[in-house]
Amino acid sequence: MPVALITGASSGIGLATALHFGRHGHDVWAGVRNPSAATELREAIETERLPVRLVALDVDDAGSVQRGVAGVHGKAGRIDVLVNNAGIGGGGPIEDVPVDWVKTLFETNYFGMVRVTQAVLPGMRERRRGAIVNISSVAGRLAIAGHGHYSAVKHALEAMSEALAQEVQRFGIRVAIVEPGVVVTPIFSKARRFAHPASPYFDHVRRLLLLYQKQMPHAAQPADAARVIYEAATSPEPRVRWLVGEDARLLVAGRQRMSDEEYVAGGRAMSDDQYLEEIRQRFGFTW
């Protein structure tokens, strides 16, 4: 039975992924900061009698990461699949977001993934096999006004993942990047947003939220992302990037058709109706 470690498994995509891997015969270790608070995950495990166990693992804490990974190795003997999913959302215009908060975004979404990856890699290298799936975002492919710091951390994650994929290829380890568009998860309610109406950049924040609202009725669900993550980890034809959701495919394809200057021109002053019409024309949305 393959052994999978999934971080950020208490809710959203991480929870759905832990259950999906368990249903498909993996010995799953669901990393959560506070196991006693992961009630939804516990209930699903008990109801379905899944081979999923909780492990205390806070990606912001190096000691917690080392203890969590060592605990899995001690009980399961190895880790075949690592899904780096733990992360936080939020942000705002570049000028408006305090640097200290940007550091917390990088601490969890980038350095946290690096900590867990570094802890797991030696065992995979020794066995000369394994899969690492890093959960990014469509924001890792195109930077979005009003969301620049989040885009920046996802761009950094994708750069790290591409370099890592090259470094570990000779050891039989695959690295995949999963890029969801809008997925209905608690990250939207938990995210901290810097969006003061008096900001000179508030138009960009309002437009971003308007775009989310338009996409929500067509948004992917956590289970959709879980299926893609599982395929990225197990497909006999591995590849580096995997998109989740039709909106993600439209956004990436539309950005590739545009010059940098055309893309930047989307930040000019315009009404909300003009903005939505331009989005439809540029990316092919049909809401």
Side-chain angles (χ1 to χ4, degrees), residues 1-9 13-14 16-32 50-59 61-87 109-136 140 154-179 225-244:
M1 181 182 292
V3 179
L5 172 61
I6 299 163
T7 68
I13 291 174
T17 301
L19 300 179
H20 190 82
F21 273 75
R23 291 166 185 148
H24 285 75
H26 279 63
D27 177 14
V28 178
W29 294 80
V32 296
L50 294 172
V52 180
R53 284 170 280 185
L54 275 63
V55 56
L57 196 156
D58 179 354
V59 301
D61 183 330
S64 175
V65 170
Q66 292 296 329
R67 290 189 297 272
V69 171
V72 177
H73 278 140
K75 295 176 181 177
R78 67 190 189 281
I79 295 172
D80 300 301
V81 178
L82 168 63
V83 178
N84 276 314
N85 168 75
N109 293 12
Y110 182 78
F111 295 115
M113 287 195 176
V114 172
R115 287 188 190 95
V116 182
T117 299
Q118 289 180 337
V120 168
L121 267 176
M124 288 186 174
R125 272 195 300 101
E126 290 174 9
R127 294 188 305 279
R128 303 189 74 84
R129 67 178 183 274
I132 297 172
V133 183
N134 291 333
I135 310 307
S136 180
K154 293 301 186 181
H155 276 62
L157 169 63
E158 299 220 359
M160 179 272 282
S161 300
E162 283 192 4
L164 179 64
Q166 297 172 66
E167 292 167 356
V168 302
Q169 191 267 349
R170 68 183 63 182
F171 302 113
I173 302 169
R174 75 169 71 178
V175 176
I177 305 167
V178 171
E179 301 164 325
R227 286 191 290 270
V228 175
I229 293 166
Y230 183 81
E231 187 177 1
T234 63
S235 172
E237 298 180 357
R239 64 176 191 265
V240 174
R241 282 185 167 84
W242 300 75
L243 292 166
V244 179

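Along the sequence shown, residues are numbered consecutively beginning with 1. Everything quoted here is computed from the prediction, not taken from an experiment.
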In sequence, state the C-alpha distance, the side-chain angles, and the governing distance for Gln118 and Val114, and then conclude on side chain to side chain contact (heavy atoms under 4.5 Å, CB included). CA-CA 6 Å; Gln118 289 180 337; Val114 172; 3.7 Å; yes
Report yes if the side chains of [X] and [Y] come closer than 4.5 Å at any heavy-atom pair, otherwise no.
X: Ser235; Y: Arg174; value: yes
X: Val116; Y: Leu57; value: yes
X: Asp80; Y: Arg129; value: yes
X: Ile132; Y: Leu121; value: yes
X: Thr234; Y: His24; value: no
X: Leu50; Y: Val28; value: no
X: Leu157; Y: Asn109; value: no

Distance, nearest 0.5 Å, that separates [atom1] of [X] from [atom2] of [Y]:
X: Asn134; Y: Met160; atom1: CG; atom2: CE; value: 5.0 Å
X: Ile177; Y: Leu243; atom1: CD1; atom2: CG; value: 10.5 Å
X: His73; Y: Trp29; atom1: NE2; atom2: CH2; value: 11.0 Å

Can you name the nearest heavy-atom pair linking [X] to [Y], along with the distance?
X: Ala119; Y: Gln66; value: CB-NE2, 3.9 Å
X: Val52; Y: Gly22; value: CG2-CA, 4.1 Å
X: Ala233; Y: Ala131; value: O-CB, 3.8 Å
X: Pro2; Y: Arg78; value: CA-NH2, 4.0 Å
X: Arg227; Y: His20; value: CG-CE1, 3.5 Å
X: Arg53; Y: Asp27; value: NH2-OD1, 2.9 Å

Applying salt bridge (charged side-chain N to carboxylate O under 4.0 Å, His left out) to Arg115 and Asp61, what does each step give before you reach the verdict? CA-CA 9 Å; Arg115 287 188 190 95; Asp61 183 330; over 6 Å; no
For the side chain of [X] and the backbone of [Y], is there at least one donor-acceptor N/O pair under 3.5 Å apart?
X: Arg125; Y: Val168; answer: no
X: Thr7; Y: Ala86; answer: yes
X: Arg127; Y: Ile79; answer: yes
X: Arg128; Y: Arg170; answer: yes
X: Asn85; Y: Ile135; answer: no

Residues Ile13, Ile229; criterion side chain to side chain contact (heavy atoms under 4.5 Å, CB included); working and verdict: CA-CA 10 Å; Ile13 291 174; Ile229 293 166; 3.7 Å; yes
Apply salt bridge (charged side-chain N to carboxylate O under 4.0 Å, His left out) to the pair Arg241 and Glu158, showing each step before the final yes or no. CA-CA 9 Å; Arg241 282 185 167 84; Glu158 299 220 359; 2.8 Å; yes
In terms of ring plane angle, is the pair Tyr230 and Phe21 parallel, tilted or perpendicular, where the classes change at 30° and 60°?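 Perpendicular: the ring planes of Tyr230 and Phe21 meet at over 60°.
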